[in-house]
Each structure stands twice: as structure tokens, then as C-alpha cells.
Student: 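First, the structure itself, so that you have it in front of you.
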Amino acid sequence: MLKRTCNCGQLRIGDAGKKVILSGWVDSYRDHGNLVFIDLRDREGITQLVFNPETQQEMHKLSRQLRCEWVIAASGTVRHRGEGLVNPKLATGDIEVLIDELEILNSAETPMFELQNADAVAEETRLKYRYLDLRRPKMQDILRVRHKVTKVARDFFDSKGFWEIETPFLGKSTPEGARDFLVPSRLCAGSFYALPQSPQLFKQVLMVSGVDKYFQIVRCFRDEDPRADRQAEFTQIDVEMSFVESDDVIKVHEQLVAKIWKEILGVDVKLPIRRMTYQQAMDDYGNDKPDLRFDMKLKDISDIARDCQFKVFADTIQKGGVVKGLCATGGGVKFSRSDIEKTFTNVVTAFGAKGLAWFKVIKGEQGGVDLSSNLVKFFTPEQRKAIIEKFQAKPDDLLLFVADKVVGANKALAPLRLKVGRDLGLIDDKAYELLWVMDFPLFEWNDKENRYDSLHHPFTAPVPEDIGKLDTDPGNIRSQAYDIVVNGSEIGGGSIRIHQPQIQAKVFDLLKITKQQAEDRFGFFLQALKFGAPPHGGIAFGLDRLVMFLTGTDNIRDVIAFPKTQKGQCLLTDAPSSVDQAQLDELNLRVQSHH
RNA sequence: GGGGCCGUAGCUCAAUUGGAUAGAGCAUCGGACUGUCGAUCCGAAGGUUGAGGGUUCGAUCCCCUUCGGCCUCGCCA
């Protein structure tokens with residue numbers, strides 16, 4: 001076999017005259033009867049091979065058999081292309097290789113789709129023939145970026161004294177959180193392992209074990225419905241540190257983020273990354289992961305709308321709700337009535353709002369400013385003026401409002417803000433706006449179950465000043481949790497953990513986890529806390545979402561080599577599939593058919 | 001569990017109000033061609049319209065069931 005001496009992306013004009021051997025896949029062929037051109041592709045690039053019957057008659061004849069995706073090796077001489085023949089689309093476009101020997105290593109059936117046009121091909125087909133799809137330069141770039149991110153992370157953590165330690169995949173099922181993937185045990189008939197939703201407790205135990213600084217690039221499993229940015233199995237960069245406070249964790253990891261941005265994108269992230277409280281984020285943007293590439297803050301006009309004649313507004317506020325909205329600069333002329341009453345209204349109703357109220361800002365009398373809409377009659381001139389002032393609105397702006405309980409209003413307005421921002425062209429695709437969201441509430445009230453739920457997870461520590469409120473005012477305890485957000489998407493989050501058994505017990509109490517339940521589920525961990533647990537905390541980054549950002553895709557399946565469909569199936573291997581009765585017998589399982 | 005979009009040749013799409021032998025580009029196969037680079041030119045072949053059922057003289061089109069893909073609400077401590 002001809003052994004390659006260089007790859008398909010490296011030859012340049014300075015290599016002219018060299019004897020080289022290349023191998024790869026036939027990307028395309030152009031057969032002129034006499035001259036034959038082959039674009040040879042490997043993961044590094046494309047190089048043009050030339051077969052000339054005058055210099056090598058036999059090889060030229062052989063080359064005419066070549067078809068797309070055949071695998072070949074060829075030796076020849078690098079030479080300049082002639083005047084006017086360079087191909088600026090290729091990095092190697094100044095040269096070509098005149099071939100004197102061709103070895104066909106393997107033929108290939110005609111691909112199910114043309115690799116060049118695969119962006120237009122149904123994803124179903126791409127996933128079924130994933131090995132073809134992954135051959136495309138675009139997909140290989142993503143694989144390369146993913147590799148580089150993990151390499152940067154490993155080097156970074158190593159340099160800071162972190163150890164990479166593996167934790168079990170076969171673990172214990174706990175009913176909280178996401179649905180578990182279960183694995184039946186053969187040796188313990190009738191018992192099940194659960195695949196980890198995250199290595200949370202193991203990494204905390206490692207801190208009790210004196211490991212001090214741990215990280216792991218680890219697969220996690222959650223049996224919930226997938227989304228465009230969510231897969232049932234996904235990868236976390238998981239970290240835990242001892243003897244730290246929030247600030248220490250944050251400072252280390254913004255260095256990591258800066259390093260990744262620099263190495264992958266060549267972008268300098270200015271440190272420190274800005275911080276915002278959870279409350280500020282909810283007030284101004286309606287969610288805990290604001291997209292700061294554009295401003296457009298939400299404003300609460302309840303103080304003004306309380307006394308207006310518009311019943312929907314007044315009644316909502318009367319019942320303890322709010323009227324909140326945003327100002328779309330220039331939206332009064334940019335958007336049609338159908339944009340507002342159909343498109344925008346659909347956005348908010350899809351997220352549970354009852355409706356959307358709107359006003360156009362117009363020039364008023366005597367050079368003033370006023371509002372115009374079918375609701376204007378319900379507002380006094382003073383109220384209209386106050387609303388305009390609240391937003392510093394100008395003529396041609398559009399004001400959009402939702403009236404609801406504050407949670408509901410935020411839930412509807414946050415996506416509306418994004419939609420309006422996009423439609424107004426306010427979002428710079430090349431910008432990266434990073435921020436830390438801080439001071440999350442420790443608990444949120446669960447109406448259905450009549451108890452508190454952890455916002456983050458039950459091992460998150462309260463901020464020290466708020467510990468007293470565990471007994472008096474649990475709903476207003478802030479936690480030492482932090483999320484890192486980029487362009488409106490959470491890429492990581494973590495917290496300082498509880499390391500005192502008494503506080504952990506109180507938290508379980510508020511979550512209505514009984515002593516017995518806590519013992520059954522986390523007994524080993526509570527025990528560990530009693531044996532000298534150091535103060536500790538950590539963070540986890542979603543590697544898949546990180547790579548999505550770095551490669552500019554909005555589809556998580558693009559950044560996973562072998563992803564699953566929305567039904568959790570692998571179209572390449574056809575998993576999941578039924579198994580032999582003998583396998584079931586061995587596991588003491590019986591399959592029950594539905595209905 | 002709910003809502004929405006989609007499924008026609010290997011791929012991407014078309015097909016009038018329900019009407020004749022379901023078309024086109026690319027790919028494939030054959031032929032021509034010495035500088036192409038998404039080569040070009042000539043020709044050929046290629047169909048269970050996702051599957052099953054129904055309505056109809058007649059169904060890609062209408063109805064029902066079902067399978068699959070994507071987006072989304074719920075869900076995701």
C-alpha cells in the first residue's frame with residue numbers, strides 16, 4: 001500500500017517540485033477524456049490530482065474508473081497550476097499533484113446523498129448514513145472543535161491541580177429530578193441501577209475524600225423528551241473544589257471560558273465577566289438567562305395601570321398580578337397589525353398569557369408624544385404620559401404588554417422580547433455576551449405538592465446571612481448558586497454545597513423529604529458529611545451546548561457524533577431494540593404489552 | 001400526554017378543482033471531450049406517491065387508522 005507522506009490540506013506553492021503520496025476519498029472527479037481531475041479529500045482538506053495520458057497512460061486509464069467516495073492512495077509531483085488556473089476556494093488551490101501511481105484501496109457504492117449538498121438533505125437520511133454525513137468538512141470541523149474544547153479543558157484543569165476521576169455509570173435511582181434510565185441487575189434479581197443524571201453526590205464525596213480538586217468530562221442521562229438543544233444523553237464538564245466560596249469557583253471558570261473562547265474563536269473575553277442577580281434578570285428580562293446582545297428591558301407599569309379603566313389590567317393588578325411590557329423601538333412602523341395581533345400574540349399565548357395589549361407611540365399635540373390603539377380610551381392623558389416616560393418611548397415605537405401573575409407575565413414576555421429583538425434586527429450574530437447570574441432563590445414554592453422545591457438541587461448552600469430564614473422565611477432565602485449564560489442560553493451552572501449535616505437535614509425537611517426517605521436515598525452521603533466534609537462547591541458546563549455556540553449551530557444533534565432522534569432512537573444502529581427471551585429470563589424481567 | 005409542520009425517483013422539489021402514461025434539477029449508467037474545479041455536451045435508465053383501509057367511474061390530492069422525522073408546550077432536582 002502506498003503510505004501517505006502528507007495530508008490533503010497542507011501542500012502550498014512552496015512545495016512545488018516535491019514527490020508526495022496522498023490518500024483519501026474521491027470528493028469529485030472531472031473526466032475530460034484525456035485529462036482527468038480528482039479532488040481528493042481527507043479531514044484536513046482537498047487537493048487536486050491530475051492524471052495525464054501523456055505522462056502516465058496506464059494510471060490515466062485506471063483513474064477514469066474512480067467515482068465519488070472511492071478510497072485511493074496516489075503518488076506524484078507537486079506543481080504550480082498554470083496562470084489563471086488557481087482555485088481560490090481551496091487552501092491548496094495554488095497547486096496540484098501530477099500523479100504517476102494510483103492505488104485503489106476501496107471502491108464505494110453510490111452515496112445515498114451528495115455530500116456537497118448535504119445541508120439540504122433530510123436529517124433522517126443523514127443520521128441513517130451518519131458515516132457519510134460525518135465525512136463532510138462542516139461536520140468534521142465540529143468534531144474537531146469538540147475535541148479541542150475537551151483538550152483545552154483537560155490541559156487547563158491539569159495546570160490548576162485538578163484530577164480527572166471517573167464515577168460510576170451504574171448508580172442508585174433517586175425519584176427527584178429528571179426521570180432515570182434504569183438498568184436491571186442480573187445478580188440482584190428485581191433490582192435496578194440508574195444511569196447518572198449527573199455525578200453530583202460522587203463528586204461531593206470525593207471532596208470529603210480529600211481529593212480537593214476534581215473534574216470529569218462525563219456522560220449524563222436524563223430520560224426526558226429531547227429538544228433542539230437537549231438530548232437524553234449529554235456530556236458535562238463536571239468540577240468540584242474544596243475550601244472555596246462562590247467567588248473562587250467563578251474566577252477559575254471564567255478563566256477556562258476565556259481560554260476556550262480564545263483558542264477556538266480567537267476572541268478575547270474581557271474578565272471579569274459581568275454579574276447580575278437572579279432578581280435583576282427576572283425583573284429586566286423575564287428569565288434567568290437573559291440575552292444581553294440587545295437591551296430592551298421589560299418594565300412593570302402596574303403602578304400606572306392600577307387605576308386605568310381597562311378592566312383586564314386593573315383586575316389583574318387587583319388580584320395581585322402585574323402589567324409588564326416592553327418597548328420595540330421603531331416597531332410602530334416596522335410591524336403590521338397582523339404581526340402584532342397574530343404573530344406576537346401567538347408567542348405570548350403559547351407561553352400561557354391570555355393576550356397581548358399594544359400601543360403605538362405617535363406624535364401628540366403641541367410637539368408632544370401620545371399613544372394610539374384601541375385601548376387608548378381607557379387611559380387618561382396623564383397615564384399615557386407616564387407609560388411613555390417609563391419606557392422613554394419615541395414616536396414610531398411599539399409598546400407591548402402582558403397582564404398576569406408576575407411569573408406568568410415573565411414567562412410570556414421573555415420569549416416575546418427575543419422574537420421582537422430578532423425581528424428588529426437588534427441581535428448581532430457575531431457577538432458573545434457572557435454573564436453570571438447570581439443569588440438564585442434556594443427554593444421555589446410547589447403549589448401542587450404543598451411544599452418547597454429546590455431551584456438548583458437539594459445540596460445547594462444558602463448564603464450565610466440567610467441561614468436564619470430556614471426557620472422563618474424559606475421562600476426568601478438566596479442560594480450560593482451561579483449560572484453562566486451566553487447569548488441567552490445557560491452553558492453552565494453550579495453552587496457552593498451544604499457541608500454541615502444539620503443544615504442539610506433542615507433543607508430536606510423543607511423539601512418534605514422525611515428522615516427515612518433521606519436515609520434511603522442519600523444515607524451514604526449524609527453519613528459522609530459527618531466525617532469531616534470540607535466546605536466545597538463546584539460547577540458543571542454543558543459541553544454539547546458549549547460546542548453549539550462555538551460552531552454556530554442551533555441543533556444539538558450536529559455536535560454529537562451519533563445522536564438520537566426525538567423518539568430516542570439511533571437511526572444508524574436502530575437502538576433501542578427488542579431482546580431475546582433468554583436475556584429477559586436472565587434478568588428476571590417480563591415485558592408487558594400496552595392495552 | 002397536548003399543539004404545529006412534514007413524508008412523491010438515490011437526493012432536493014413540482015404535479016391546476018379529484019382526471020389521461022406522476023415531471024424537473026442533481027446523482028447514477030452509456031457516449032463525446034486536453035485545464036477543469038458544483039466541468040460541459042448528447043443519450044438512457046430510474047416510482048409500492050411512508051404503510052393500511054375508506055369515499056369515488058377515477059385519489060399524490062378528500063376521510064380514517066398507523067409508522068417515521070422535525071419544532072414546541074408539559075417535562076428537564
Side-chain angles (χ1 to χ4, degrees), chain A residues 27-41 46-55 60 64 67-69 79 81-90 92-93 96 98 109-129 132-133 174-180 197-198 200-201 220-232 234 346-347 349-352 411-412 415 440 442-444 446 449 452-460 479 481 490 493 495 507-508 511 513 521-522 542 554-557 564-567 569 571 574:
Chain A
D27 194 63
S28 67
Y29 60 94
R30 295 174 291 281
D31 181 352
H32 286 240
N34 281 304
L35 279 182
V36 172
F37 299 94
I38 301 290
D39 282 349
L40 190 67
R41 185 193 70 243
I46 285 176
T47 300
Q48 174 167 283
L49 313 181
V50 190
F51 293 85
N52 189 328
E54 286 170 6
T55 54
H60 169 263
R64 300 192 69 187
R67 291 297 178 268
C68 285
E69 302 310 316
R79 67 179 191 194
R81 296 193 184 188
E83 195 66 31
L85 296 175
V86 303
N87 184 352
K89 288 184 202 161
L90 294 181
T92 62
E96 63 191 6
L98 180 63
E109 285 185 18
T110 303
M112 305 310 292
F113 54 90
E114 294 158 64
L115 270 56
Q116 330 248 6
N117 300 329
D119 279 339
V121 171
E123 198 177 4
E124 200 175 346
T125 310
R126 288 172 47 207
L127 291 179
K128 194 163 175 184
Y129 303 94
L132 295 177
D133 189 35
T174 54
E176 303 75 26
R179 193 177 295 111
D180 280 325
Q197 296 179 26
S198 88
Q200 184 61 36
L201 291 181
C220 301
F221 305 86
R222 294 178 191 176
D223 189 6
E224 301 292 351
D225 288 7
R227 287 286 187 280
D229 62 351
R230 234 166 64 187
Q231 268 298 272
F234 61 100
N346 285 346
V347 171
T349 54
F351 287 86
K411 209 165 182 181
F440 283 78
L442 188 62
F443 301 117
E444 59 186 348
N446 182 332
E449 308 279 341
Y452 288 102
D453 277 340
S454 292
L455 202 74
H456 197 56
H457 57 55
F459 315 106
T460 304
S479 69
E490 181 205 326
S495 63
V507 168
F508 282 151
L511 298 172
I513 298 174
R521 294 172 202 170
F522 318 112
D554 53 9
N555 177 352
I556 196 172
R557 294 176 298 280
K564 294 188 170 56
T565 67
Q566 211 154 57
K567 284 225 150 151
Q569 293 177 311
L571 298 181
D574 257 336

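The sequence lines fix the lettering, A, B, ..., with proteins before strands; numbering per chain opens at 1. Please read all numbers here as calculations on a predicted model, not as lab measurements.
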Student: For A:K411, which contact category applies under a 4.0 Å heavy-atom criterion: base, sugar-phosphate, or nothing?
Tutor: sugar-phosphate
Student: Parallel, tilted or perpendicular, judged at 30° and 60°: which one describes the rings of A:F508 and A:F522?
Tutor: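 Rings of A:F508 and A:F522: parallel, under 30°.
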Student: Look at the side chain of A:R81 and decide which nucleotide, out of B:G68, B:C73, B:G35, has an atom nearest to it.
Tutor: B:G35
Student: Any idea which of B:G69, B:G74, B:G38 is nearest the A:K567 side chain?
Tutor: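 Side chain of A:K567 sits closest to B:G69.
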Student: Whole Å only: how far is the CE atom of A:M112 from the C1' atom of B:G46?
Tutor: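 My rounded result for the distance is 13 Å.
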Student: Which part of the nucleic acid, if any, lies within reach of A:T174 when heavy atoms closer than 4.0 Å are counted: base, sugar-phosphate only, or nothing?
Tutor: nothing
Student: Quick check for you: among B:A27, B:C73, B:G35, whose closest atom lies nearest to any side-chain atom of A:T110?
Tutor: B:A27
Student: Counting heavy atoms from C-beta on, name the nucleotide in B:C70, B:G69, B:C37 closest to the side chain of A:Q566.
Tutor: B:C70
Student: Taking OP1 and OP2 of B:G69, is either one under 4.0 Å from a side-chain nitrogen or oxygen of A:K128?
Tutor: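 Answer is no, no contact under 4.0 Å.
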Student: Is a donor-acceptor contact shorter than 3.5 angstrom present between the side chain of A:R557 and the base of B:G69?
Tutor: no
Student: Any side-chain N or O of A:R67 under 4.0 Å from OP1/OP2 of B:C29?
Tutor: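 Yes, A:R67 has a side-chain N/O under 4.0 Å of OP1/OP2 on B:C29.
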Student: Nearest to the side chain of A:R30, which nucleotide is it out of B:C73, B:C37, B:A77?
Tutor: B:C37
Student: Side chain of A:V121, heavy atoms from C-beta onward: which of B:U28, B:U12, B:G35 has the nearest atom to it?
Tutor: B:U12
Student: Side chain of A:E124: nearest nucleotide among B:G35, B:A77, B:G68?
Tutor: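 That would be B:G68.
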Student: When the C1' atoms of B:A59 and B:G18 are compared, how many Å lie between them, rounded to an integer?
Tutor: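 Straight-line distance between the two C1' atoms is 7 Å.
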Student: Checking base pairs now: Watson-Crick or wobble, both atom distances under 3.5 Å. What partners B:A45?
Tutor: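 By the stated definition (distances under 3.5 Å), nothing pairs with B:A45.
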Student: Work out how far the P atom of B:A77 is from that of B:G2, and round it to whole angstrom.
Tutor: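 B:A77 and B:G2 have their P atoms separated by 23 Å.
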Student: On a whole-Å scale, what distance lies between the P atoms belonging to B:C41 and B:G47?
Tutor: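 Straight-line distance between the two P atoms is 26 Å.
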Student: Starting the side chain at C-beta, find the nucleotide from B:A77, B:G35, B:G10 nearest to A:E114.
Tutor: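 Between B:A77, B:G35, B:G10, the one nearest the side chain of A:E114 would be B:G10.
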Student: Suppose you measure atom P in B:C13 against the same atom in B:G53; what distance do you get, rounded to whole Å?
Tutor: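 Between the two P atoms, the distance is 29 Å.
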Student: What interatomic distance, in whole Å, is found between C1' of B:A44 and the corresponding atom of B:G58?
Tutor: 32 Å
Student: Is the phosphate of B:G69 approached by A:Q569 (side-chain N or O, under 4.0 Å from OP1 or OP2)?
Tutor: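 Checking B:G69 against A:Q569, a side-chain N or O does come within under 4.0 Å of OP1 or OP2.
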Student: Please check this pair: side chain of A:Q48 against backbone of A:G93, looking for a donor-acceptor N/O pair closer than 3.5 Å.
Tutor: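 No.
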Student: What's the closest nucleotide to the A:F37 side chain, out of B:U36, B:C33, B:A39?
Tutor: B:U36
Student: Under a 4.0 Å N-O cut-off, is there an ion pair linking A:E109 with A:R67?
Tutor: no
Student: Between A:T565 and B:G69, is there a contact of a side-chain N or O with OP1 or OP2 at under 4.0 Å?
Tutor: yes
Student: Nearest to the A:N117 side chain among B:C26, B:A39, B:C70, which nucleotide is it?
Tutor: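 Of B:C26, B:A39, B:C70, B:C26 is nearest to the side chain of A:N117.
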